[in-house]
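Counting begins at 1 with the first residue of the sequence.
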Amino acid sequence: MKKIKIGLLPRIIIAIILGIIFGNILPETVIKIFVTFNSLFSQFLGFMIPLIIVGLVAPAIADIGKEAGRMLVITTILAYAMTLLSGFISYATSDAIFPSIITPGTSMTDISKANDLVPFFTVSIPPLMDVMTSLILSFTLGIGIAYLSTDYLKNVFNDFREIVMKTIKVIIIPLLPIYILGIFLNMAYSGQVFSVLTVFIKIIGIIFLLHIFVLLLQFTIAGVIVKRNPLRLLLKMLPAYFTALGTQSSAATIPVTLKQTIKNGVNEDIAGFVIPLCATIHLSGSTLKIVACALALMIMQGLPYDFPMIAGFIFMLGITMVAAPGVPGGAIMASLGILASMLHFGESELALMIALYIAMDSFGTACNVTGDGSIALIIDKIFRKEKKTNPEEFVEQI
């Protein structure tokens, strides 16, 4: 008999439903078992966050930095600019809409301490370094490795990346639904669960509409530059969009994205360079989701924020997202560090961010890969003449 596999999103949905149902039924002692598990898991997660950053970001920067050529630089800058644009659109929209639809006052700290529910015991697992130290270390190592003439250190960090990814895949991701279950058991026990779920539904609806707007804007910009109808260009990319909805993977969608980009008139060599690269460095949809979800949770808890704080977060998020495609479970895993360090999110907030992000993972990935087609159109406009005048140099460059 073929073994039935349940994906991460269905498992998290089941965990949320079970938490809502049993949080009002189970005795306090049973709920405290989950509170104890959550305490231990959050300590382990806090320990792993700096290691996740170093293990994923440093090799990712090293891989990008080893390439050379003007096309790489321009593509990277353009992908980063598109990602920042998406983040700031998300912030502006969320800041304008969320305060009117979200009632402040639901504190995750209050929920985690509801009715004096404390774990049976705790174990302190301090991280090896703080998050900002791990980020700076990752950037320094990544750039340094890229310029080394030897692959020795690069191979070491590639092996370390495999260890980190294995830890995420074998330990963190499988235990995540249990962690979410504990969070919602506690919410239901404290009577806060329905206010949180109401916020979830509102956020998901607004973020979906934002995805559509961002894609229209990206292809409008590309359409103006290449002097073609942006709607036709976008419609031709829909097979990639729907493929990404099913696969939830930018990498798995590359063949379809590449095919549709070439159908949009992009040179095959240029598309073959830009699309795989952007699958790694362009994450407009993911950034949009993370910014909106983070702001919603801050408003819900009445936490102070301002434009400089969120702007700094968006700039750092755009860089950190480089590691995102290599992380099972989505870009949210790569962003946990800066959510904790720059926005001061605790374990409960991070757990809700993960749940919210994964609930919309397909739409974010679809936005990412579809937007790759708009970047390819712009790069094609810039470099196509160069290819005609000096084809050997162009081919060698890519």
* Asked: Is there a side chain to side chain contact (heavy atoms under 4.5 Å, CB included) between K154 and L148 once you walk through the steps?
  -> CA-CA 9 Å; K154 184 175 184 295; L148 285 179; over 6 Å; no
* **Derivation and outcome, side chain to side chain contact (heavy atoms under 4.5 Å, CB included), residues E349 and L339** => CA-CA 9 Å; E349 289 90 348; L339 283 166; over 6 Å; no
Look up atom [atom1] in [X] and atom [atom2] in [Y], then write down how far apart they are to the nearest 0.5 Å.
| X | Y | atom1 | atom2 | result |
| --- | --- | --- | --- | --- |
| F242 | T370 | CZ | OG1 | 9.0 Å |
| L209 | I204 | CG | CD1 | 12.5 Å |
| M316 | S341 | CE | OG | 7.5 Å |
| D380 | E268 | CG | CD | 11.5 Å |
| M129 | L137 | CE | CG | 5.5 Å |
| S94 | I207 | OG | CD1 | 6.5 Å |

Got [X] and [Y] here, is their nearest side-chain heavy-atom distance under 4.5 Å?
| X | Y | answer |
| --- | --- | --- |
| L377 | F219 | yes |
| M237 | T261 | yes |
| L215 | C367 | yes |
| F22 | L181 | no |
| F41 | I178 | no |
| V266 | I262 | no |
| I275 | I375 | no |
| F383 | I74 | yes |

* Is I172 linked to I163 within one hydrophobic cluster, defined over Ile, Leu, Val, Met, Phe, Trp and Tyr using a side-chain heavy-atom separation of less than 4.5 Å? -> no
Heavy atoms only: give me the nearest [X]-[Y] pair and the separation to one decimal.
| X | Y | value |
| --- | --- | --- |
| I203 | A296 | CD1-CB, 3.1 Å |
| G23 | I31 | O-CD1, 3.9 Å |
| F315 | Y80 | O-OH, 2.9 Å |
| V369 | A240 | CG2-O, 3.9 Å |
| P177 | P174 | CD-O, 3.3 Å |
| L317 | S335 | CD1-CB, 3.6 Å |

Quick one: does any side-chain atom of [X] pair with a main-chain N or O of [Y] as donor and acceptor, under 3.5 Å?
| X | Y | answer |
| --- | --- | --- |
| S90 | S86 | no |
| S286 | L283 | no |
| Q218 | S374 | no |
| N267 | I270 | yes |

* F120 ring centre to K32 NZ or CZ under 6.0 Å, with the angle to the axis within 45°? -> yes
Identify every side-chain donor-acceptor pair in residues 302-314 under 3.5 Å, counting partners at least two apart or on other chains, and give the distances.
residue, atom, partner, partner atom, Å
Y305, OH, D95, OD1, 2.6
D306, OD1, M309, N, 3.0

* Begin with the C-alpha distance, continue with both residues' side-chain angles, and end with the deciding distance and a verdict on side chain to side chain contact (heavy atoms under 4.5 Å, CB included) for T93 and F98. => CA-CA 8 Å; T93 305; F98 286 174; over 6 Å; no
* To do: Determine, stepwise, if the pair I171 / F44 fulfils side chain to side chain contact (heavy atoms under 4.5 Å, CB included).
  => CA-CA 10 Å; I171 299 176; F44 176 72; 3.8 Å; yes
Could you go through residues 224-234 and list every donor-acceptor pair under 3.5 Å that involves a side-chain atom there, pairing it with any protein atom two or more places apart or in another chain?
residue, atom, partner, partner atom, Å
R228, NH1, N264, O, 2.4
R228, NH2, N264, O, 3.0
N229, OD1, L231, N, 2.9
N229, OD1, R232, N, 3.4

* With distance as the sole criterion, is a donor-acceptor pair present between the side chains of Q43 and T122 under 3.5 Å? -> no
* To do: Return yes if a side-chain donor-acceptor contact under 3.5 Å exists between N368 and S284, otherwise no.
  => no
* Asked: Does any pair with a residue in residues 152-172 pass ring-ring contact (aromatic ring centres under 6.0 Å, His included), and if so which ones, sequence neighbours excluded?
  -> none
